Amino acid sequence: MRILAISLDLDDTLWPIQPVIHAAEQHLDAWLKHHHAAVAAAWPIPALRALRERIAVERPDIAHDFTAQRKLMLEQAFAACGIGRDPVEPAFEVFYAARNRVDCYPDVGPALSALAARLPLASISNGNADLQRIGLRAHFRHTICARQIGMAKPAPAIFHAACARLGIAPEHMLHVGDDPALDIEGARAAGLRTAWLNRSAAAWSDAAPGIMPPDLHIRDLAELVRWIEHHT
Ligand SMILES: [Mg+2]
């Protein structure tokens, strides 16, 4: 295969996402306790989480947009306590600032520098991370997220949007991600080549029963750099 560009997933590919969301929920909770104690009392973290999950089910029209889901969650939580929309944006900003304080896996910084020196990179994410705030934006020609495109992975449209922005045919784009269904099956269906980032050393057949294996299987991004150096 001839690779001319690389697209990368973000959450759980460049950093672990669960601790970040957990910390962001804690920051929002602390802010609510300080500024809106009644809302914090009525909506402890598990209750807000359940509200967001309910919104995700009830509003398929914003399934691809975690920012819209979280703002609606806040709006409904404040409304239930008789408070209007005014605190929604400041509360979201507290969550969002913490959501962008990520700890990248140690291989990420050097690998992105090495890859970006050879090939154009794009990010493709269903999440709402801000690479500018995180400090990684300079490595990427384009940042594609489900929120802008109006559709989430595994929809082919989000992968094709990345190919179009880079001016690269899908068969020359290598998509790298951790999720067998969203990243590997989704990218393959869109005509891209695929690299499964498998940091936990799982067997493909266990992680993705019934899904065709990826073109490449890598343990970290340093391994991807070595492959790219030998094949481009
Ligand atoms: Mg991911």
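These figures come from a predicted structure and were not determined experimentally.
- Contact between Ala77 and Leu48 at its shortest, heavy atoms only, is CB-CD2, 3.8 Å.
- The hydrophobic side chain of Ile45 is isolated, with no ILVMFWY side chain under 4.5 Å apart from it.
- Checked against salt bridge (charged side-chain N to carboxylate O under 4.0 Å, His left out), Arg219 has no partners two or more places apart in sequence or in another chain.
- Contact check for Ser200 versus Asn198: side-chain heavy atoms found under the 4.5 Å cut-off.
- Shortest non-hydrogen contact noted between Leu174 and Ala195 is CD1-N, 3.9 Å.
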For residues 20-28, dump all side-chain donor-acceptor pairs below 3.5 Å to protein atoms at least two apart in sequence or in another chain.
residue: His22; atom: NE2; partner: Gln26; partner atom: NE2; Å: 3.4
residue: Glu25; atom: OE1; partner: Arg49; partner atom: NE; Å: 3.3
residue: Glu25; atom: OE1; partner: Arg49; partner atom: NH2; Å: 2.6
residue: Glu25; atom: OE2; partner: Arg49; partner atom: NE; Å: 3.1
residue: His27; atom: ND1; partner: Ala23; partner atom: O; Å: 3.0

Subject >> Val176/Leu216 under side-chain contact (heavy atoms from CB on, under 4.5 Å): CA gap, chis, key distance, verdict >> reply: CA-CA 9 Å; Val176 183; Leu216 296 178; over 6 Å; no
**OP:** Begin from the C-alpha positions of Val102 and Leu10 and carry the test side-chain contact (heavy atoms from CB on, under 4.5 Å) through to its verdict.
**Re:** CA-CA 11 Å; Val102 302; Leu10 297 178; over 6 Å; no
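- Under the 3.5 Å distance criterion, the side-chain polar atoms of Trp196 are left unmatched by any main-chain donor or acceptor of Ile218.
- Taking CG from Leu51 and CD from Glu53, the interatomic distance works out to 9.5 Å, rounded to the nearest 0.5 Å.
- The salt bridge (Lys or Arg N to Asp or Glu O under 4.0 Å) contacts involving residues 2-22 comprise Asp9-Lys153, Asp11-Arg99, where partners must be two or more places apart or lie in separate chains.
- Residues satisfying the ring-ring contact (aromatic ring centres under 6.0 Å, His included) test with Tyr105, not counting sequence neighbours, are none.
- Residues Gln69 and Leu72 fail the side-chain proximity criterion, which asks for heavy atoms closer than 4.5 Å.
- Side chains of Leu221 and Arg199 form a contact here, defined as non-hydrogen atoms less than 4.5 Å apart.
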Original post:
What's the verdict on side-chain contact (heavy atoms from CB on, under 4.5 Å) for His231 and Ile3, showing C-alpha distance, side-chain angles and the deciding distance?
Top reply: CA-CA 8 Å; His231 293 86; Ile3 299 305; over 6 Å; no
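- Rounding to the nearest 0.5 Å gives a distance of 5.0 Å between CE of Met173 and CG of Leu166.
- Side-chain heavy atoms closer than 4.5 Å link hydrophobic residues (I, L, V, M, F, W, Y) into clusters, and following such links, even through other members, never connects Ile211 to Leu182.
- Scanning for salt bridge (charged side-chain N to carboxylate O under 4.0 Å, His left out) contacts around Asp29 gives Lys33, with sequence neighbours left out.
- Phe159 and Met1 are assigned to two separate hydrophobic clusters, defined by single-linkage of ILVMFWY side chains at heavy-atom distances under 4.5 Å.
- Note on Ile83 and Val88: same hydrophobic cluster, where clusters join Ile, Leu, Val, Met, Phe, Trp and Tyr whose side-chain heavy atoms are under 4.5 Å apart, directly or indirectly.
- Here the closest heavy-atom approach between residue Leu192 and residue Ser7 is recorded as CD2-OG, 4.1 Å.
- Note on Leu115 and Leu4: separate hydrophobic clusters, where clusters join Ile, Leu, Val, Met, Phe, Trp and Tyr whose side-chain heavy atoms are under 4.5 Å apart, directly or indirectly.
- Counting only residues at least two apart or on different chains, the ring-ring contact (aromatic ring centres under 6.0 Å, His included) pairs with a member in residues 38-79 are His36-Phe78.
- Counting only residues at least two apart or in different chains, salt bridge (Lys or Arg N to Asp or Glu O under 4.0 Å) contacts with residues 65-86 comprise Asp65-Arg147, Lys71-Glu89, Glu75-Arg85.
- Considering all non-hydrogen atoms of both residues, Ala207 and Ala202 come closest at CB-CB, 4.4 Å.
- Linking Ile, Leu, Val, Met, Phe, Trp and Tyr whenever their side-chain heavy atoms come within less than 4.5 Å leaves Leu121 and Ile124 in two separate clusters.
- Applying the salt bridge (charged side-chain N to carboxylate O under 4.0 Å, His left out) test to Arg193 and every residue at least two apart in sequence or in another chain returns Asp215.
- Between the side chain of Asp107 and the backbone N or O of Pro110, no donor-acceptor pair lies under 3.5 Å.
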**OP:** Test Val108 against Trp15 for side-chain contact (heavy atoms from CB on, under 4.5 Å), laying out the working first.
**Re:** CA-CA 8 Å; Val108 165; Trp15 51 77; over 6 Å; no
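- Judged as a ring-ring contact (aromatic ring centres under 6.0 Å, His included), and not counting sequence neighbours, Phe95 has no contacts.
- Nearest heavy-atom pair across Pro213 and Trp204 is CA-NE1, 3.4 Å.
- Of all heavy-atom pairs spanning Ala114 and Val225, the tightest one is CB-CG1, 3.8 Å.
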Please list every donor-acceptor pair under 3.5 Å in which a side-chain atom of residues 139-146 meets a protein atom from a residue at least two apart or in another chain.
residue: His142; atom: NE2; partner: Arg165; partner atom: O; Å: 3.2

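- Residues Asp183 and Thr194 fail the side-chain proximity criterion, which asks for heavy atoms closer than 4.5 Å.
- Applying the salt bridge (charged side-chain N to carboxylate O under 4.0 Å, His left out) test to Asp130 and every residue at least two apart in sequence or in another chain returns Arg133.
- Within the 4.5 Å cutoff, the side chain of Met151 has no heavy atoms near those of the Ile158 side chain.
- The only option from Leu14, Leu8, Leu224, Thr13 that meets the side chain to side chain contact (heavy atoms under 4.5 Å, CB included) definition with Leu197 turns out to be Thr13.
- For the pair Ile6/Ile228, a side-chain contact is recorded, criterion being any heavy-atom separation below 4.5 Å from C-beta on.
- No more than 12 heavy atoms of other residues, nucleotides or ligands shown are found within 6.0 angstrom of CG on Asp103.
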